[in-house]
*Asks:* 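Quick one: the structure is below, questions incoming.
Only heavy atoms go into these numbers, but all of them, side chains included; no hydrogens, no water, no symmetry mates. Within every chain, numbering begins at 1; the chains are lettered A, B, ... in the order of the sequence lines, protein sequences first and strands thereafter.
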Amino acid sequence: MNSTTLSPPTQPPGLLRKLANILSILLGSRTAVTGLAVVLFWLGIGLLSLVWTPHPPNAQAFDANLPPTSTNWMGTDHLGRDIWSRVMAGTQVVLLKTRLSTDPQVVVPGGVALWGVIGAVVVGGLLGVNAGYRGGRVDQAIMQLLDALIAFPVIVLYLVIVTALGSGDVVVVLAITITGAPGVARLVRGLTLDIKTREYIRAAETRGESANYIMLREILPNARGPILVDAMLRVGYAIFAIGTLGFLGLGLPPPDPDWGSMVNDARKYIYANPIAILWPALAIATLVIGVNLFADGLREELTRYQQ
Amino acid sequence: MARFLVRNLVSMGTTMLLVSALLFLLLEVAGGDITVRLLGVFASPEQRDSLRRQLGLDAPAWQRYLDWLVGSDWRARPLSAYPLVTTPNPQSGEAEWWAEVAGVLTRWRLVDGELTAIQRAADGTESTAPAQTVWQRAPDGSEIFWGVDIRNNLVQWQRGSDLEVLVLSEAGVRSERGGPQHYIPLRKGIVRGDAGMSLQSNRPVSATIFSRAANSLILAGAAFLLVMPLALFCGVLAGVHEGRPLDRIISITGLGFTATPEFVIGIFLILIFGIWLRWLPATAVFLTGDAILRDPKILVLPILTLMAAEFGYVARITRASMAEVMQTPYIRTAFLKGLPRQRVIFRHALRNALLAPVTVIMLQINWLIGGVIVVEVLFGIPGLGSYIYDAAIFGDFNAVAAAAMLTVSIAVLTRLAGDLLYLYLNPRIRFA
Amino acid sequence: MNLPPSPEPLLAVQDLTVSYRTRTARIQALRNVSLTLKPGETLGIVGESGCGKSTLGWSIVNFLGANGFIQSGSIRFEGQELVGRSDRQLQQLRGNRIAMVFQDPLQALNPALQLGEQMREVLRVHQQMSKAEATTRCIETLKRVHMPDAAGLLDRYPHQISGGQQQRVVIAMALLNDPALLILDEPTTALDVTVEAAVLDLVAELRQTLETALLFISHNLGVIARICDRVAVMYAGEIVEQATVTEIFQSPRHPYTQGLIRCVPRLGTDKNSSMLFPIPGRVPRPDERPAGCLFSTRCQYAEERCRTEAPLLRSLPSGTQVRCHLTEQIDPQRWTPPAEAEMPPPKTSPASPSLLLTGSHLHKAYPVPGTSLASLVGLEKRRSVKAVDDVSLKVDKGTTLGIVGESGSGKSTLVKSIIGLEGIDHGSLEFMGMEIHQPLSRRTLETIRELQMVFQNPDSTMNPSYTVGQQIARPLERFHTVPRSQIRDEVVRLLRAVRLNQTYYDRYPRQLSGGEKQRVGIARALASQPSLILCDEPVSALDVSVQAAILNLLLEVQAANQTTLILIAHDLSVVRFIADQVAVMYLGQIVESGPVDALYAPPYHPYTEALLSAVPEPDPTLQRSRIRLEGEVPSAINPPTGCRFHTRCPRRSWMPDGGQRCQTEAPVYQEASPGHQILCHLPLATLQRLESETLSV
């Protein structure tokens, strides 16, 4: 056989076609495109804010509680800082950077929301696939533990975690991970229970493959679609939660502006400057809705594509 | 059926046990040094040590967990020379621990290094008398006595000991000598309704938490009852018209409401109705306990906020479930039997389609509780939510733990209710 | 027909074209379909999957879903045009004049409603009957479909009755309003063979007693042969041939019909004397249909004209309608298999048989979770399903053992135990001289390599995330069958061995047809060069034309590598075709086993006899004995005492004591001929008489 000489390269065309395929799926849904546009808008704003904002976001350079003017497009806050600059910079901690420590400043790329969701997916995914595939006592133990976590109202759990560990980017990442992991685990467990019945899993077992190989190489790759969509929805929840924590005064610490904390501050001056509260609130709402629309559209298109 | 119930109850019990352990672990181990908060940062290590002993914090963590969970009187009773009883304080009504010496309620305290007995008469008046204690000889030769002190601890006094005790009082820290060696804070444990003292208010947690919870219940219950029929109706409507404009409108509205944080919705409502239109009060003012009943208007905006948050979620779940059921072969069969559309939807689809939402809605109670916290903080309503929030901000372990346990119990119980409802609606399980 | 000739047929479909809208295009599911149905007549629609059979059924009641629609043509029913009618008007016909029955009866019934309510509403909506009247009518109709305890049934829920009973209820529901037309879409496909036979008996009986016309849709030629007066053969959305049932089976005129009939395994054939001839290729997808005759891509007679000019459906003097340019030139008698067809190699039996696998007294039970409170706290005795109960078997190297049984017989558990997916409770299993009764996790890599498996469902046999090449390469890597550098060559060699060229190497499973996936599954099993391959219903999910090719491939693989096969099947004709030795299982036991020719001839075990008699044969003239089993398969948690089969045995009364002994005493194996064993109390002489006695009854 001379097939080695005939064998075509395997990688690039498949990958390119895959990308084109995914793109065409995406563009097929009006919902997904709208969501993507909103997310990209905020991503762009965030990247821009790294190099340029109209005014320094933390500088108390103006009179306090100004209404929108031509210099301060959204007005100023109670300390006389430019709100639009702060809203722009507020994107960073959510989407673009996580501060491991503030003194000295250690920053890793990727926002708090993203790292939290990655943590939840990794932890929840591993727990879920183990519970689903191994079954029996392992399943029972894992599910009982997760049931206990799920029994907590999410915000109560946040409050408890933040009370116990103090506030900070890493704690918020941890809180998002802990509150998100049970949901991911349940999803992955359900998918695993389904995939586990497929005959290719039997084929792997009759090859004597280890449980880890089967879980990581045979099961998880086939669960990635729903996991991806779920993860995206969770990014939405995470931004939601960061906002709520900020609003409750437990959010990401200063000096970087944080939308939730901005809402909390503006609330105290709501009679003096009612419009100031609107901007950060709108920022959170649009970004979360954008992420949700995107994930929703993607899910719809993926299920239709599979049919 | 009985089996199902028992299994659920066992699982519920395990869940609660795990939750309590988790809570304890998180708050106790990672909660930092309570003495810093009580004594300030400038106290000496000896002072901290002494205070820690008085609070019973020198006991191992598992011991304190058990004390907190099921009470410490179990282990205190055998040590005490006299039977221990609880009785309400005549003024505040809060429960106090006393020893019963020959039928007389008695406590002890050190006065100038001498042990003094405080006796309470049947009419509630207290009198002081020199202690007629029976000192016991310990194996190491010292003379000891276990008695109840005025702070609800079972205390071991040692005659002639010169161990210094720093007593925290309103006036500051006072040094005392000559007696107390060990403290066992007396409590009945959270499962017996005693959640301990709030560190913030110095009153028993259970004295405030239930009236707070009642406020929250009114708020959350009203929102739940108002939104549920609306959300279910819209969800069914959207599911039946899957893919058509009506579905799009309901779905997108629902998505918008779910994806917008409660505080943002609340703020928009405040801005519109409270500040610009001035139709409704922007914050709730609770001067008296029955303010909610007297002026229901203060609850309109909070309830609307909660409804908006709930609506989207329930409507979307119902829609998905309805749309799925409408695709099933048995609905196809129903249509092919020539049944009118209404009959197919109401007799055949609805019942099956509502199965998924009932369980999910019951799980959703967690979201509702989360929403209640935000709404209570935003509108200043003194409910369970703002209670747990204030406690968490202060670092009040007993209060946070008790409130968290209460919310978790509510969540777990509603889940059980959801399971039972599911059982009732689903003949496949009912007649297995 | 015993009916007076009517001026107009009951149903007349004329040039019907039905399309589905998809995201990118419109797909024509039916093209210019014309057919007529007289009152009381039964028309069979046969064809492979994807040929538009079901769409035809749906379009008659105009129930094509959100994206399907009738593009052109007319459907006249009882003199009225149905195309273009409003939903409300159709509603009055559906369930009333036209009723439908589908494949999976459990899914067709609403799980949340009592059967009585689901039945009564048909009468109450269409005839405005009172509840009492409707109840009486329901009970009458249930009795007509031979449901025991008809009155009690009305209060029950669908999941509380068995699959066969569910299908009877669905049929009864369809008959409530005495419809003029009953459309049955694969009504027996989801059922076991003995249950299928009973339901088919019912349909056949209803045909005689009712004046309802039937449109019977099935992929199974045997079922069609049993039930229908006339048959329409569909291919890729068109009717290619329409004729009476005897014409279709005795002188098929379209090459596709001829091909279909040639590739069906029959009970009468065995692998030494007969062959299956698969049709090459597959049904073209709607977007790749050829320009001329749709069948031209697979037709060995195709000429230039066939590829450019679409043939019309035309009538022949015999009355047969056929859509073929060349039908007059084709003589099926002088047909020879085309060169590229996959044919099995001539069978060579190994000179000296050597034992490969011996199982003795194998037991496997699954614990059943109790349903009562007592069982939860451990007060109740633990119950278990005895899935495999004292089974012994022997397999010679290079031969094929076929295991036959209905669902719940324990055949899958037996195979899972042999390959190690399930451990064996007790008993010994010896493979190539080694004891291998332990589960996979405790077997050596060498033992694992020697036993491989081919699976049932082509859609789940391959991991969708990996290419064909990666999936065949994995066992090569794992078992170090070949050096790492030669893996790719070896994969290509294996692909060739299952007749796939190397362009398949980089394809993903979703780009493959069912038959191709099954081939890859076989290549993957072959990769470790095993001595024994276990096949779990390897062809049951495939279309007949593909089935034959896969069966031939298995035989070819066996001849090339001296591989031993154990094959489970519910289809007795498949086993008859491929196996050397056969074992028949019932409730965890082997009730009869032996060489294939001995097993398919008397003496039979009564259960084997009933199974054989239940097989629908693709021959309308065949008169077989009708042995039907009563009741349902008993629960394996509480198997009957004595002989497991005594509760359903149609021959029990032939025992001298009237069957008392069957109830109390477990039978032992009797040796009918060398290697042919029957687990029955009846004397061999009596069993020998079974066939002839039946015929005289």
*Asks:* Is there a side-chain contact between A:E218 and C:S465 in this structure, where contact means two heavy atoms from C-beta onward sitting under 4.5 Å apart?
*Replies:* no

*Asks:* Could you give the distance from OG1 (C:T461) to CZ (A:R198), rounded to the nearest 0.5 Å?
*Replies:* 12.0 Å

*Asks:* Rounded to the nearest 0.5 Å, how far does CD1 of C:I448 lie from CD of A:E205?
*Replies:* 11.0 Å

*Asks:* Which bit of C:L451 comes within less than 4.5 Å of chain A, counting heavy atoms only: side chain, backbone, both or neither?
*Replies:* backbone

*Asks:* So C:L421 and A:T206, do their side chains get closer than 4.5 Å, heavy atoms only?
*Replies:* yes

*Asks:* Looking at A:W42, I want to see if its CH2 is surrounded by more than 12 non-hydrogen atoms of other residues, nucleotides or ligands under 6.0 Å.
*Replies:* yes

*Asks:* Roughly how far, to the nearest 0.5 Å, is CG of C:N463 from CD1 of A:I195?
*Replies:* 8.5 Å

*Asks:* In terms of heavy-atom proximity below 4.5 Å to chain C, should A:R217 be classed as side chain, backbone, both, or neither?
*Replies:* both

*Asks:* For C:R524, which atoms come within 4.5 Å of any heavy atom of chain A: side chain, backbone, both, or neither?
*Replies:* side chain

*Asks:* Taking the side chain as everything from C-beta on, heavy atoms only, tell me whether C:P464 gets closer than 4.5 Å to A:Y200.
*Replies:* yes

*Asks:* For chain A, find which of C:Y508, C:F479, C:F455 contributes the most heavy-atom pairs closer than 4.5 angstrom.
*Replies:* C:F455

*Asks:* Could you tell me which portion of C:Q486 (side chain, backbone, both or neither) has an atom closer than 4.5 angstrom to a non-hydrogen atom of chain A?
*Replies:* neither

*Asks:* Does the C:R478 side chain pair with the main chain of A:R207, one donor and one acceptor, at a distance under 3.5 Å?
*Replies:* yes

*Asks:* Regarding C:R474 and the six-membered ring of A:Y213, is the cationic atom NZ or CZ under 6.0 Å from the ring centre and inside 45° of its axis?
*Replies:* yes

*Asks:* Would A:R202 and C:M453 count as a side-chain contact (heavy atoms from CB on, under 4.5 Å) here? Give the steps.
*Replies:* CA-CA 9 Å; A:R202 295 293 88 63; C:M453 195 155 172; 6.0 Å; no

